Amino acid sequence: MSGIDLPGPTSPGPLSPGDAVVQQRKDAIQATTAPTGDGGLFSQLASNPFFTAGFGLAGLTVGARFAQQGLRHGVDFIRRRMLVEVEITHKDDSYKWFLNWMRVYQQGQLYEAQSAASRSGFVDSLLRKLTPSMRHFSMETKTVTHSNGAINTHFAMVPGLGRHVLRYNNAFIFVNRQRESRAQEQQTGRPWETMTLTTLYSQRHVFQEMFTEAHAYVEKIYEGKTSILRADVARWEPLGNPRRKRPLDSVILDKGVKERIVDDVKDFLSSEKWYYDRGIPYRRGYLLYGPPGTGKSSFIQAVAGELNYNIALLNLSERGLTDDRLNRLLTVVPKRTIVLLEDVDAAFANRRVQSDEDGYQGANVTFSGLLNALDGVASAEERIIFLTTNHVDRLDEALVRPGRVDMTVRIGEITRYQVGSLWDRFYGDLDTTRSSRQAFLNRLQELGLIEDENGHKADRSTSTSAAALQGLFLYNKDNMEGAIAMAEGLTYRLRDHAVDGEN
């Protein structure tokens, strides 16, 4: 059998065409999965610069993301554990006065730092460097138009929007004043503002000390003064700077009138529990009526000073004043404030029906709206309101009924008692013998302006006012003889007013 070749044990025999195809596919699969001399698929990918660069960037992105979240959580954890914040909104009363106090306080710090510059020493030098300075201010300007046409402008520089650093009692406080331009008050349209104060948690006690000092600073500004408020859209705003309190004894009314009103107001303020226990609304209304110049408004200002109250002026003829706005204004009257409605008889008289060129039709307050605002269901509690008028006969009975007006007092023409008291106030230190005082009283009695010592008056149609008499004394300061000689001028003035009234 030499002509036949037998396959050896290591040599595969001849394959059929189908088996050859299968074997070729197996060999191809093994070629792709079997390790090669250069490291296989992973080695090839690792040796690919595009793949390694993309994988590295993805890894860096994920790592940076985790690092960012970790840093944020870490900062939040530190802030929760080590920092404390106080937020003040612009609607809070402390917002404005804290800004003013902060300005004054930092000015004081800078002054101390400048004083320390003249002294040597490492501690003083370090103190100057650590004292932060305010570099961003905001201007607040107020323009006040008085009834006589005079215009006064008041401005102040306060810390502006942004971040500030304040050092108080060796504690650093970060102040961030922010304004939300998109968030506005619906009634005033004013942008929403917030101020955030941040310091170390261990120094949190400085907030109480700082606000106490700031409040004392504001009280010092208003100490001995009366603030006059005016209606601004749906809230009350200061009208100019606070005025010096008027002493109660500076207003001279007829004997017993002043004391009766003041005693009633003080009794009301001390009877809050009595009102609530009996279910009676805790509010009090007073109506002062009489001729012009008799001291009605001056007396109300003196009452506010005696009680340490402010005065909220409300003009019912104001442009744009509606029933809803009036009701809201009387509901949000600040505490310790007297509401004053002057010349209430003229509020609903001479209303213009047709519009002017500017479209103004007069105030839109109705009489029923005023009554509801005074004692309606939504009317405020703990309120003292004074109404003044020169013509009480023009007032509707519904307005002056008890519950709306609890005390009606006439402040009339000047009396002999008032003249003598005013004379003593102006010339008491000069008229030691009181002879000039008696001569002046006799002269006014002859002119028919005051009654005699028995209370009888010769001419009831003539009289004078405290304002006219005070003007006479002011013109003749330190000149008693001049005041006596010019007493007849009071009668001429009255005659002129009578003629003007008839015309």
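The structure presented is a predicted model; accordingly, all values stated were derived computationally and were not measured.
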Within a strict 4.5 Å, meaning less than it, do heavy atoms of the Asp406 and Arg283 side chains meet?
-> no
Can you name the one residue among Phe98, Tyr95, Tyr168 that meets ring-ring contact (aromatic ring centres under 6.0 Å, His included) with Phe211?
-> Phe98
Minimal heavy-atom distance between Ser421 and Arg437, with the atoms involved, is N-NH2, 4.3 Å
Side chain to side chain contact (heavy atoms under 4.5 Å, CB included) partner of Leu287, chosen from Thr388, Val400, Leu341 = Val400
State which residues pass salt bridge (charged side-chain N to carboxylate O under 4.0 Å, His left out) with Asp92; sequence neighbours excluded, sorted by chain then number.
-> none
Atom of Leu200, atom of Val84 and distance for their closest heavy-atom approach | O-CG1, 3.8 Å
Would Thr415 and Asp254 count as a side-chain hydrogen bond (donor to acceptor under 3.5 Å, both in side chains) if you check the C-alpha gap in whole Å, the side-chain angles of each, and the deciding distance to 0.1 Å?
-> CA-CA 7 Å; Thr415 63; Asp254 200 8; 3.1 Å; yes
Would Glu342 and Ser297 satisfy side-chain hydrogen bond (donor to acceptor under 3.5 Å, both in side chains), going step by step from the backbone distance to the final call?
-> CA-CA 8 Å; Glu342 289 190 303; Ser297 300; 2.4 Å; yes
What do the steps show when you test Asn169 against Glu209 for side chain to side chain contact (heavy atoms under 4.5 Å, CB included), and what is the final call?
-> CA-CA 9 Å; Asn169 289 351; Glu209 300 174 0; 2.9 Å; yes
Lys266 with Glu306: basic N within carboxylate O range, under 4.0 Å | yes
Residue of the set Thr408, Asp345, Asn390 for which side chain to side chain contact (heavy atoms under 4.5 Å, CB included) holds with Tyr289 | Thr408
Identify the two heavy atoms, one from Leu229 and one from Pro334, that lie closest to each other, and give their separation to 0.1 Å.
-> CD1-CG, 3.8 Å
Residues Met210, Ile173; criterion side chain to side chain contact (heavy atoms under 4.5 Å, CB included); working and verdict = CA-CA 11 Å; Met210 183 172 55; Ile173 302 171; 3.8 Å; yes
Can you tell me how far the CD1 atom of Ile411 sits from the CG atom of Leu288, to the nearest 0.5 Å?
-> 4.5 Å
According to the interplanar angle, ranging from 0 to 90°, do the rings of Tyr276 and Tyr282 count as parallel (below 30°), tilted (30 to 60°) or perpendicular (above 60°)?
-> tilted
Does any pair with a residue in residues 424-455 pass ring pair (Phe, Tyr, Trp, His ring centres under 6.0 Å), and if so which ones, sequence neighbours excluded?
-> Trp423-Tyr427, Trp423-Phe440, Phe426-Phe473, Tyr427-Phe473, Phe440-Phe473
Do Thr366 and Asp323 have a side chain donor and acceptor closer than 3.5 Å?
-> yes
Flag, side chain of Lys258 to backbone of Ile252, donor-acceptor distance under 3.5 Å = no
Report the C-alpha distance between Gln445 and Arg416 in whole Å, list the side-chain angles of each, state the deciding distance to 0.1 Å, and finish with yes or no for side-chain hydrogen bond (donor to acceptor under 3.5 Å, both in side chains).
-> CA-CA 9 Å; Gln445 181 180 334; Arg416 189 182 189 90; 3.1 Å; yes
Verdict with supporting geometry, Glu237 and Arg230, salt bridge (Lys or Arg N to Asp or Glu O under 4.0 Å) | CA-CA 6 Å; Glu237 293 290 341; Arg230 66 175 180 87; over 6 Å; no
N/O donor-acceptor pair under 3.5 Å between Thr294 side chain and Ser465 backbone | no
Counterpart residues, salt bridge (charged side-chain N to carboxylate O under 4.0 Å, His left out), relative to Glu446 (two or more places apart) | Arg443
